[in-house]
S.K.: 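Sharing a structure below in structure tokens format, with a few things to ask.
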Amino acid sequence: MSTNPNQPEIGLVLLAAGGSRRLGKPKQLLHHRGESLLRRAAKSALASRCSKIAVILGADAEACAHELEELQLLTVINPEWEEGIGSSIRMGVTALNSAAPELDAVLLALCDQALIDYRHLNGLVETFCASRPTVVASRYGDAFGAPAVFHRSLFGDLAGLAGDEGAKKIIVRHLRSTLFVDFPEAGIDVDTVEDYARLTGSPRSG
């Protein structure tokens with residue numbers, strides 16, 4: 001968190017509510033380098049320059065909440081998590097804006113992007129602070145998306161997402177005022193057993 005009053009206040013919503021259907025078990029609770037993906041992502045968020053952190057839980061909420069014990073952040077349970085990621089973004093942005101109405105922007109992050117750490121998050125924050133664009137998004141290969149920073153003017157759009165609608169549709173709508181930061185690491189997430197095996201470097205990760 002910056003102590004410079006001229007620096008924008010940026011909150012972070014960590015999305016961790018999904019049911020991990022393709023994996024067959026909660027990806028939030030998978031371990032990498034001694035900690036669960038959820039706890040690693042939460043600690044990276046807390047180590048970043050973001051001033052307020054909200055973690056959105058849904059599937060396996062009780063076990064996931066246990067992973068966040070002693071961490072100073074806002075935990076939000078999304079009872080509608082089965083609706084899709086749009087419901088978690090909607091709930092996260094609404095809760096964060098209510099808890100910290102002074103925010104100038106929000107950073108959306110995913111708990112299964114295991115190679116993203118606080119340095120990546122700070123890179124996005126610094127890019128936003130330097131020029132105050134509408135969006136700062138991560139780019140990896142030919143794709144782009146989260147983690148990404150959204151200006152306060154888009155909070156209404158984010159809070160209006162539903163179903164499986166992610167924030168990428170909002171980035172696409174504002175491409176002309178979006179800055180991109182190249183983070184190949186953001187292209188590595190954990191959706192399947194094979195993804196987790198590649199992440200951990202072992203042929204069997206079950």
S.K.: State which residues pass salt bridge (charged side-chain N to carboxylate O under 4.0 Å, His left out) with Glu82; sequence neighbours excluded, sorted by chain then number.
M.R.: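 With neighbours one apart ignored, the set is empty.
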S.K.: Given side chains that start at C-beta, do those of Arg152 and Asn97 come closer than 4.5 Å, heavy atoms only?
M.R.: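 Yes, side chains in contact.
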S.K.: If you look at every heavy atom in Ala114 and Leu199, which pair is closest and at what distance?
M.R.: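 Minimum heavy-atom contact is CB-CD2, 3.7 Å.
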S.K.: Could you grab the distance from atom CG of Leu37 to atom CZ of Arg39, nearest 0.5 Å is fine?
M.R.: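 Leu37 atom CG to Arg39 atom CZ measures 13.5 Å (nearest 0.5 Å).
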S.K.: Is a side-chain N or O of His32 found less than 3.5 angstrom from the main chain of Leu30, in a donor-acceptor match?
M.R.: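 Answer holds: no.
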S.K.: Quick one: does Val136's side chain get under 4.5 Å of Val181's, heavy atoms only?
M.R.: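 In short, these two side chains touch, coming nearer than 4.5 Å.
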S.K.: Got Lys43 and Glu35 here, is their nearest side-chain heavy-atom distance under 4.5 Å?
M.R.: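 Touching, per the 4.5 Å side-chain cut-off.
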S.K.: Looking only at heavy atoms, which two atoms of Ala105 and Phe128 are closest? And how far apart?
M.R.: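 In this case the closest contact between Ala105 and Phe128 is CB-CZ, 3.6 Å.
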S.K.: Would Lys52 and Glu9 count as a salt bridge (charged side-chain N to carboxylate O under 4.0 Å, His left out) here? Give the steps.
M.R.: CA-CA 9 Å; Lys52 185 76 174 180; Glu9 290 285 333; over 6 Å; no
S.K.: Which pairs would a plain distance check flag for residues 60-76, meaning a side-chain donor or acceptor within less than 3.5 Å of a matching protein atom at least two apart in sequence or in another chain?
M.R.:
| from | atom 1 | to | atom 2 | distance (Å) |
| --- | --- | --- | --- | --- |
| His66 | ND1 | Glu69 | OE2 | 2.9 |
| Glu67 | OE1 | Ser36 | OG | 2.7 |

S.K.: Indicate, with yes or no, if Met91 and Ile85 share a hydrophobic cluster defined by side-chain heavy-atom contacts under 4.5 Å among Ile, Leu, Val, Met, Phe, Trp and Tyr.
M.R.: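 Yes, Ile85 and Met91 fall within the same hydrophobic cluster.
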S.K.: Following the transitive rule for hydrophobic clusters with a side-chain heavy-atom cut-off under 4.5 Å over Ile, Leu, Val, Met, Phe, Trp and Tyr, establish whether Leu124 and Leu12 coincide in one cluster.
M.R.: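 Yes, Leu124 connects to Leu12 through the hydrophobic network.
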S.K.: Taking Arg90 first and then Glu80, would you say they form a salt bridge - that is, a charged N and a carboxylate O separated by under 4.0 Å?
M.R.: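 A salt bridge is present here (some side-chain N lies under 4.0 Å from a carboxylate O).
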S.K.: Below 4.5 Å, heavy atoms only, C-beta onward: do Ile89 and Val13 meet side chain to side chain?
M.R.: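 Heavy-atom side-chain distance check fails, nothing below 4.5 Å.
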S.K.: Which atom pair, heavy atoms only, marks the closest approach of Gly18 to Ala59?
M.R.: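 Looking at all heavy atoms of both residues, the shortest contact is O-CB, 3.4 Å.
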S.K.: Side chains of residues 138-150: which donor-acceptor partners sit under 3.5 Å, not counting sequence neighbours?
M.R.:
| from | atom 1 | to | atom 2 | distance (Å) |
| --- | --- | --- | --- | --- |
| Ser138 | OG | Pro147 | O | 2.7 |
| Arg139 | NE | Asp182 | OD1 | 2.8 |

S.K.: Are Leu154 and Val135 close enough that some pair of their side-chain heavy atoms sits under 4.5 Å apart?
M.R.: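 Yes. Closest side-chain heavy atoms under 4.5 Å.
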S.K.: Would a hydrophobic clustering, with Ile, Leu, Val, Met, Phe, Trp and Tyr connected at side-chain separations under 4.5 Å, put Ile10 with Ile53?
M.R.: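 Cluster IDs for Ile10 and Ile53 match.
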S.K.: Please tell me whether Leu29 and Leu14 are part of a single hydrophobic cluster in this structure, the criterion being side-chain heavy atoms less than 4.5 Å apart.
M.R.: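 Each belongs to a different hydrophobic cluster.
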S.K.: Is the closest side-chain donor-acceptor distance between Asn78 and Ser87 under 3.5 Å?
M.R.: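 Checked: Asn78/Ser87 side chains pair up, N/O donor to acceptor below 3.5 Å.
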S.K.: Roughly how far, to the nearest 0.5 Å, is the OG atom of Ser44 from the CD1 atom of Ile116?
M.R.: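 Rounded to the nearest 0.5 Å, the CD1-OG separation comes out at 9.0 Å.
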S.K.: For Thr94, does its backbone N or O pair with a side-chain atom of Ser98 as donor and acceptor, under 3.5 Å?
M.R.: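 No, because the side chain of Ser98 does not come within donor-acceptor range (under 3.5 Å) of the backbone of Thr94.
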S.K.: With sequence neighbours excluded, what pairs up with Asp104 under the salt bridge (charged side-chain N to carboxylate O under 4.0 Å, His left out) test?
M.R.: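 Residues passing salt bridge (charged side-chain N to carboxylate O under 4.0 Å, His left out) with Asp104: none at all.
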S.K.: Quick one, Cys111 with Val55, criterion side chain to side chain contact (heavy atoms under 4.5 Å, CB included). Give me CA distance, side-chain angles, the key distance, then yes/no.
M.R.: CA-CA 9 Å; Cys111 87; Val55 180; over 6 Å; no
S.K.: Using distance only, find each side-chain donor-acceptor pair of residues 157-171 under 3.5 Å and give its atom names and separation, not counting sequence neighbours.
M.R.:
| from | atom 1 | to | atom 2 | distance (Å) |
| --- | --- | --- | --- | --- |
| Asp157 | OD2 | Arg173 | NH1 | 3.3 |
| Glu165 | OE1 | Ala162 | N | 3.1 |
| Glu165 | OE2 | Lys169 | NZ | 2.9 |

S.K.: Taking atom NE2 of His120 and atom OG of Ser48, what is their separation to the nearest 0.5 Å?
M.R.: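 If we round to the nearest 0.5 Å, His120:NE2 and Ser48:OG are 13.0 Å apart.
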S.K.: Tell me whether Leu57 is reachable from Leu15 by hopping between hydrophobic residues (I, L, V, M, F, W, Y) whose side-chain heavy atoms are closer than 4.5 Å.
M.R.: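 Hydrophobic grouping puts Leu15 apart from Leu57.
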S.K.: What I'd like to find out is whether the side chain of Gln113 reaches to under 4.5 Å of the side chain of Leu110, using heavy atoms alone.
M.R.: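 Yes, at least one pair of side-chain atoms sits under 4.5 Å.
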S.K.: His174 vs His151, test: side chain to side chain contact (heavy atoms under 4.5 Å, CB included). Steps then yes/no.
M.R.: CA-CA 11 Å; His174 296 275; His151 187 274; over 6 Å; no
S.K.: Can you find a heavy atom in the side chain of Leu175 that is under 4.5 Å from one in the side chain of Phe180?
M.R.: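 Side-chain contact under 4.5 Å: yes.
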S.K.: Are Cys50 and Val125 close enough that some pair of their side-chain heavy atoms sits under 4.5 Å apart?
M.R.: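 Heavy-atom side-chain distance check passes, below 4.5 Å.
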S.K.: List the residues meeting salt bridge (charged side-chain N to carboxylate O under 4.0 Å, His left out) with Glu102, not counting sequence neighbours, and say none if there are none.
M.R.: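 In terms of salt bridge (charged side-chain N to carboxylate O under 4.0 Å, His left out), with neighbours along the sequence ignored, Glu102 is linked to no residue.
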